[in-house]
Asks: 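Structure below; questions to follow.
Per chain, numbering begins at 1; letters A, B, ... match sequence-line order. A quick note: this is a predicted structure, and the numbers were derived from the prediction, not measured. What you see below is based on every heavy atom in this structure, not just the backbone, and it leaves out hydrogens, waters and symmetry mates.
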Amino acid sequence: MRIAVASGKGGTGKTTMAVNLAAMLQSTGQSTALVDCDVEEPNAHLYLPVQWEQDRDHHVPVPRINASACLGEECSKCIELCRFKALIWMADEVMTFPELCHACGLCMTACPAKCIDEGQRLTGKVRCGFVDQGPAKGLELSSGELRVGEAMAPPLIKEVKGTARDRDIQIWDCPPGTSCPVIAGLHGADAVLLVTEPTPFGLHDLNLAVQLVRRLELPFGVVVNKAGLGDNRVEQYLEKEGIDLLGLIPHGMDAARACASGRLLIELDGYRDAFERIWSRVLPLTKERTS
Amino acid sequence: MKEIVVLSGKGGTGKTSVTAALAGLGPAKVLADCDVDAADLHLVLAPSVLHQEPFISGELAEIDPDLCTSCGLCRDGCRFEAITDDFQVVAEHCEGCGLCDFICPIQAVTMHPRRCGEWYKSQTRFGTMIHAALDIGAENSGKLVTTVRQKSQEQAESEGVDLILTDGPPGIGCPAIASLTGADLALLVAEPTVTAVHDLKRVAELTRHFKIDTAVIINKADLQPSLEQEIRDFCETSGLDVLGRLPYVETFTLAQIKGQSVVEYDPGGLGKLFQGLWNNLEKHLQGEHKQ
């Protein structure tokens, strides 16, 4: 079962939700993997003592031109066809801009002289390991780290998801926003848990996230984090839209300080119950999917 | 003309609240919202739209079912899993590369220009604002960010205004890079949490990579004193100017609910702090302020 945690707005508590849910499930004996799909700013590992077992580079293919076989400027087929302007004619040869390449393979396919093969561009690294102590002991964590300066996160997100082992439960911590990286994160989920906060920014971006998951036809429900802060417009919105409210995580200085220091909320009084209740309401969502 | 872009790496550290607060201080400026897939600045600045234009960027493949022979070449060749087994194009996954169009033996595929969102020129109480909305799940957020920046530069030029203040997106990928390149100052909003400190270091590495002058504001400063110190130490060793600190107070949420900047909502408290920040920012731009 694969549950994605997403939000639209950043900083609403996606990672808090994903890490605590995963730790809670692992601690009750369910074989769980946490997948940190926010490769631009991976944070899940900061809450868990992880023993890394894999740490490797990830690359995407980029064109490599064999200039001696190139038919020359009269051909320029690769340059004409590339939508991403990753190839230009310069100083009597095809010059490539690997940073602009989307790794679609069109230039290679189209070259009549078969003079293009594929080199590599480093996107970042992938890590995989296990929590080796504490309440979440045994929890698997997969995580990616986008190379600073690399623009395209989705290929690395796919790689991180592919690295995670197929445990009974996978929790996917998705990046913020509503564009390509989130879509790469949500792809293949059985259900989505949207985390929001009861503020105007939280509500506005929740509405965007709701439109996205509806468009992707994924079953979903909402958790209101920092409940008690702000106003009740989020709850009014959920009622009007007929969206499941899966639960509330109360706002409090003790919780804010625990999160700030990288501690798990399930170790604070009263919070573990909140995560258990939320999980009990996530399960029916996944059945909605299979039925 | 100077362009200041507010970034943070991690979402939810207060980029938009800081941008809105600074918007009303100092000389006349053009405001820009480059968080195009979860824009929130308009919720505070309440812009009245003067002009809007669709944002057309890239292409989308379409397969004519009457011509398609289900040969499978396009589906197998597509590296983005954007073609289903029954030969439908999944718009959320299509990158518009044109590989399917090229390899289709009977020209059943056509490529169409793609609408990815809209951008707006608006009037606000703090000056002209250029903002945008990426369509839900659309591609090309980086290019929409670039459009917002170009339009803000044109606007500033036509108004004879010397300053552009830009609310940036979270992360360090495509939209963050597009918001940053060529700007005069990156203003990083940090918060003393383990996750935000981790992310601050990555976004600071990004600004260094692109050689952008960088300064820091510490938000929610009293949340965790040891982490505030870690931020200060990091800024000192990295040569980043700390312009000031802001307390962890509910005022930010209350102002948001009223649709006001914190300077408008609390002129005597946060208003004065922000005036001090603004003064330091001006000194920084003149090369005078240091820590």
Asks: Is chain A contacted by the side chain of Asp101(B), its backbone, both, or neither, given a heavy-atom distance below 4.5 Å?
Replies: side chain
Asks: Between Ser261(A), Gly11(A), Ala260(A), which residue shows the highest count of heavy-atom pairs closer than 4.5 Å to chain B?
Replies: Ala260(A)
Asks: Heavy-atom pairs under 4.5 Å with chain B - which of Ala44(A), Gly230(A), Ala103(A) has more of them than the others?
Replies: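 The residue among Ala44(A), Gly230(A), Ala103(A) with the greatest pair count is Ala103(A).
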Asks: Can you check whether anything in residues 193-204 of chain B gets within less than 4.5 Å of chain A, heavy-atom wise, and list it by number?
Replies: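 Residues of residues 193-204 of chain B touching chain A at under 4.5 Å: Thr193(B), Val194(B), Thr195(B), His198(B), Asp199(B), Arg202(B), Val203(B).
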Asks: Just verifying a value: how many Å separate Met253(A) CE and Asp222(B) CG, rounded to the nearest 0.5 Å?
Replies: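 So the CE of Met253(A) and the CG of Asp222(B) are separated by 7.0 Å.
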Asks: Take atom NZ of Lys114(A) as the centre, draw a 6.0 Å sphere, and report whether it contains more than 12 heavy atoms from other residues, nucleotides or ligands.
Replies: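 Buried by this count: over 12 neighbours within 6.0 Å.
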Asks: Between Glu150(A) and chain B, with a heavy-atom cut-off of 4.5 Å, which part of the residue counts as in contact: side chain, backbone, both or neither?
Replies: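 Only the backbone of Glu150(A) comes within 4.5 Å of chain B.
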Asks: With a 4.5 angstrom heavy-atom cut-off, which part of Lys226(A) approaches chain B: side chain, backbone, both or neither?
Replies: neither
Asks: Do the side chains of Pro200(A) and Gln256(B) get nearer than 4.5 Å, heavy atoms only?
Replies: yes
Asks: So Glu41(A) and Pro170(B), do their side chains get closer than 4.5 Å, heavy atoms only?
Replies: no
Asks: Looking at chain A, which one of Ser8(B), Ser141(B), Gly9(B) has the largest number of heavy-atom pairs inside 4.5 Å, strictly under?
Replies: Gly9(B)
Asks: Kindly indicate, with the supporting measurements, whether the criterion salt bridge (Lys or Arg N to Asp or Glu O under 4.0 Å) is fulfilled by Arg79(B) and Glu118(A).
Replies: CA-CA 14 Å; Arg79(B) 292 186 175 179; Glu118(A) 291 190 322; 2.8 Å; yes
Asks: So what's closer than 4.5 Å to chain B heavy atoms on Cys259(A): side chain, backbone, both or neither?
Replies: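 The backbone, not the side chain.
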Asks: Identify which part of Val39(A) has an atom lying under 4.5 Å from any heavy atom of chain B, answering side chain, backbone, both or neither.
Replies: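 Backbone only.
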Asks: Between His204(A) and Asp40(B), which heavy-atom pair has the shortest distance, and what is it?
Replies: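 Closest pair (atom of His204(A), atom of Asp40(B), distance): ND1-OD1, 3.1 Å.
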Asks: Nearest heavy-atom pair of Thr109(A) and Phe102(B): which atoms, and what distance?
Replies: O-CE2, 4.0 Å
Asks: Under 4.5 Å heavy-atom distance to chain A, tell me which part of Glu59(B) shows up: side chain, backbone, both or neither.
Replies: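 Contact with chain A: side chain only.
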Asks: Could you look at Leu227(B) and say if it's the side chain, the backbone, both or neither that has a heavy atom under 4.5 Å from chain A?
Replies: side chain
Asks: Output the distance between atom OG1 (Thr199(A)) and atom CG (Leu43(B)), rounded to the nearest 0.5 Å.
Replies: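 Spacing of OG1 (Thr199(A)) from CG (Leu43(B)) equals 9.0 Å.
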Asks: Which bit of Phe201(A) comes within less than 4.5 Å of chain B, counting heavy atoms only: side chain, backbone, both or neither?
Replies: both
Asks: Roughly how far, to the nearest 0.5 Å, is CD1 of Ile136(B) from OG1 of Thr178(A)?
Replies: 5.0 Å
Asks: Can you name the nearest heavy-atom pair linking Ala38(B) to Leu208(A), along with the distance?
Replies: CA-CD1, 3.9 Å
Asks: To the nearest 0.5 Å, what is the distance between NZ (Lys158(A)) and CZ (Phe80(B))?
Replies: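 Lys158(A) NZ to Phe80(B) CZ: 7.0 Å, rounded to 0.5 Å.
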Asks: Heavy-atom distance under 4.5 Å to chain A: side chain of Glu92(B), backbone, both or neither?
Replies: both
Asks: What part of Pro192(B) gets closer than 4.5 Å to chain A, counting heavy atoms only: side chain, backbone, both or neither?
Replies: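 Backbone only.
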Asks: When rounded to the nearest 0.5 angstrom, what is the spacing between SG in Cys97(B) and NE2 in His102(A)?
Replies: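 Rounded to the nearest 0.5 Å, the SG-NE2 separation comes out at 9.5 Å.
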Asks: Based on non-hydrogen pairs under 4.5 Å, which of Pro175(B), Ala133(B), Ala39(B), Ala176(B) is most in contact with chain A?
Replies: Ala39(B)
Asks: So which part of Ala110(A) gets closer than 4.5 Å to some heavy atom of chain B, the side chain, the backbone, both or neither?
Replies: both
Asks: When heavy-atom pairs shorter than 4.5 Å are enumerated against chain A, which of His209(B), Glu205(B), Gln224(B) gives the highest number?
Replies: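 Result: the option with the highest number of such pairs is Glu205(B).
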Asks: Indicate yes or no for a side-chain donor-acceptor contact from Glu95(B) to the backbone of Cys104(A) under 3.5 Å, with no hydrogens or angles considered.
Replies: no
Asks: For Ala255(B), which atoms come within 4.5 Å of any heavy atom of chain A: side chain, backbone, both, or neither?
Replies: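 For Ala255(B), no heavy atom lies under 4.5 Å from chain A.
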Asks: Does any heavy atom of chain A fall under 4.5 Å from the side chain of Glu250(B), the backbone, both, or neither of them?
Replies: side chain
Asks: Quick one: of Ala256(A), Pro42(A), Ala209(A), who has the most non-hydrogen atom pairs under 4.5 Å with chain B?
Replies: Pro42(A)
Asks: Under a 4.5 Å heavy-atom cut-off, does chain A meet the side chain of Leu254(B), its backbone, both or neither?
Replies: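 Answer is neither: Leu254(B) stays 4.5 Å or more from chain A.
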Asks: With respect to chain B, which residue among Thr12(A), Thr15(A), Leu229(A) yields the maximal number of heavy-atom pairs within a distance under 4.5 Å?
Replies: Leu229(A)
Asks: Between Glu197(A) and chain B, with a heavy-atom cut-off of 4.5 Å, which part of the residue counts as in contact: side chain, backbone, both or neither?
Replies: neither
Asks: Quick one: what part of Leu223(B) sits under 4.5 Å from any heavy atom of chain A, side chain, backbone, both or neither?
Replies: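 Answer is both: backbone and side chain atoms of Leu223(B) are under 4.5 Å from chain A.
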Asks: Lys10(B), Lys15(B), His93(B): which one forms the most heavy-atom pairs within less than 4.5 Å of chain A?
Replies: His93(B)
Asks: Side chain, backbone, both or neither: which part of Leu134(B) has an atom under 4.5 Å from a heavy atom of chain A?
Replies: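 Interface part for Leu134(B): side chain.
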Asks: Looking only at heavy atoms, what is the nearest atom pair of Leu106(A) and Leu99(B), with distance?
Replies: CA-CD1, 3.4 Å
Asks: When only pairs under 4.5 Å are counted, which of Thr253(B), Ile103(B), Ile172(B) shares the most heavy-atom pairs with chain A?
Replies: Ile172(B)
